[in-house]
There are 2 protein chains.
Amino acid sequence: MARTAAETRELLADTALRLFREHGFDATTMRRIAAEAGVSIGNAYHHFAGKDELVQELYVRIQDEHRAVVEPRLVEGAPLADNLRSVLHAGLDVMSPYHGFGQTFLRIAVQPTSSASPFSADSAPARERALGLMRLAVDRSGTKVSPGLGARLPQLLWLTHLAVTLHWVTDTSLDQRRTRTLVDGLCPVVGRAIALSRLPVARGLTDQVLILLDSLSTDLADPATKESVS
Amino acid sequence: MARTAAETRELLADTALRLFREHGFDATTMRRIAAEAGVSIGNAYHHFAGKDELVQELYVRIQDEHRAVVEPRLVEGAPLADNLRSVLHAGLDVMSPYHGFGQTFLRIAVQPTSSASPFSADSAPARERALGLMRLAVDRSGTKVSPGLGARLPQLLWLTHLAVTLHWVTDTSLDQRRTRTLVDGLCPVVGRAIALSRLPVARGLTDQVLILLDSLSTDLADPATKESVS
DNA sequence: TCCTGCAGTTGAACGTGTTCAACTGCAGGC
DNA sequence: GCCTGCAGTTGAACACGTTCAACTGCAGGA
């Protein structure tokens, strides 16, 4: 028997993700994942630290697919609002089959101790890729942005993406149409806000927001700030 | 033996909340809660549908305490930003002892099926009270707000509160100081944004935001929209 | 040929949240 | 005094996620 570790790992991930899609997260037991993959329970735990880590695998795959789907859709010179709309809708498209256990997704992502948290140091590469996608949307767009805001805009849009995802998870409407509506309404608002930020009258507010974002990104960038009681 | 149902229920809730505070959520087993309360496991499940429902009990108590703590702190005629700051800091004060299982808190709150979701129809009374608190902060403040925005402002501030809470849950800094910093930076920004919204140049954006909030509150108010596949 | 080491694997066992059919004891009719 | 109904209670039993000491089989030296 004894495949290579990589083979068994992928076999388990594929099986688990299929069962998650077919029966949901709770109804999919580790015993069944192992059984359908043709390995023992203990072996499954040898390759994945727990059931949660199998969801992280899905997280990674979704993100890869998101980028693959959205990149061709980003139009050079289009308004930023339009490109943002493409990114957000593409994200919803990709996540769509997994709405059933979005709550599980969130439960795992929210654990500060876990490496799955979008804010954790461990997921810095994944976060950097997500930020890179937003940066691409900004760079390709024809919308004029002040340099100061331009540097922080990807981060701001990424937070927007998180907020939309949060809404999507709790969205019980048919096919999550309400989240689609939210995206369609939100993107023009973001576009207008950015346009407004260039006016002198909004300069003070814009600067304050940038400072706030700076302090937030310090949270994300500097693991040393994670000190706890000695 | 056989106390009244209300007595046993409260005894269990008190015991559970004490154990949660002392040992955290995961380390507190239903068996131990029942044992320390002097009842059987089955009895505990007779009074609470599950471990999650005991956390909902905490959710209710925290909210009551939040209102009690913050109401005296709201200053008549103060800038809205100051009153908002009081509400948010008071919220953090009250939640502070329970930061350890904030993730558990969120896990339960996020389930759309559960009645614990802040967006669910079941928690409408709790949400209404939270909104009422924000309305009070707005009404007591001396900040001038356009009527259209004024009507939606409590909802907007409530969403702000949710966002801050989300940051708090994932905040690993000592005593969650970073969230405190976030609040201190965020409140002036909100104040400035509201001031800016009154200017004619921002009228279009303000209207768009209000329309967006309208569609969001339709989500919350109208349970009929929760239809799923027939 | 035998031994050693190790990557890959096994499944019984543990403690968990949760369920449920059965028990207890009291209030109130007869 | 006896029966009935029911609110309150019980704990064994179930399936689950997770752990871990032990097993397998092969590669590569002696």
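In what follows, chains are A, B, ... by sequence order, proteins preceding strands, each numbered from 1.
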Quiz item: Side chains of B/His99 and B/Asp175: is there a donor and an acceptor less than 3.5 Å apart?
Solution: no
Practice problem: Can you run down the salt bridge (charged side-chain N to carboxylate O under 4.0 Å, His left out) pairs that involve residues 152-161 of chain A, sequence neighbours left out, and say none if there aren't any? | Solution: A/Arg152-A/Asp214
Quiz prompt | Length of the CZ-P vector between A/Arg3 and D/dT24, whole Å | solution = 18 Å
Self-check item: Between B/His167 and B/Thr179, a side-chain donor and acceptor under 3.5 Å
Solution: yes
Practice problem: Considering non-hydrogen atoms only, spot the tightest contact between B/Leu12 and B/Ala44 and give its length. | Solution: CD1-CA, 3.7 Å
Quiz item: At what angle, to 10 degrees, do the two end axes of the helix from C/dT1-D/dA30 to C/dC30-D/dG1 meet, given five pairs define each axis?
Solution: 30°
Quiz item: Under 4.0 Å: is that the gap between some side-chain N or O of A/His46 and OP1 or OP2 of C/dT10?
Solution: no
Quiz item: Base, backbone or nothing for each nucleotide of nucleotides 11-21 of chain D, written B, S, -, heavy atoms under 4.0 angstrom, 5' to 3'?
Solution: B-B--BBBBB-
Quiz item: How close or far is atom P of C/dG8 from atom CZ of A/Phe48, stated in whole angstroms?
Solution: 13 Å
Quiz item: Between B/Arg61 and B/Glu65, is the closest basic N to carboxylate O distance under 4.0 Å?
Solution: no
Quiz item: Hey, which of B/Phe105, B/Tyr98, B/Phe20 is the one that makes ring-ring contact (aromatic ring centres under 6.0 Å, His included) with B/Tyr59?
Solution: B/Phe105
Self-check item: B/Glu10 CD: over 12 foreign heavy atoms closer than 6.0 Å
Solution: no
Exercise. Have a look at A/Ser141 and tell me which of A/Leu74, A/Asp82, A/Leu153, A/Asn83 forms a side-chain contact (heavy atoms from CB on, under 4.5 Å) with it.
Key: A/Asn83
Self-check item: Any A/Thr4 side-chain nitrogen or oxygen under 4.0 Å from OP1 or OP2 of C/dA7
Solution: no
Quiz prompt | Atom pair distance, as rounded to whole Å: CZ in B/Arg9 and P in D/dA7 | solution = 16 Å
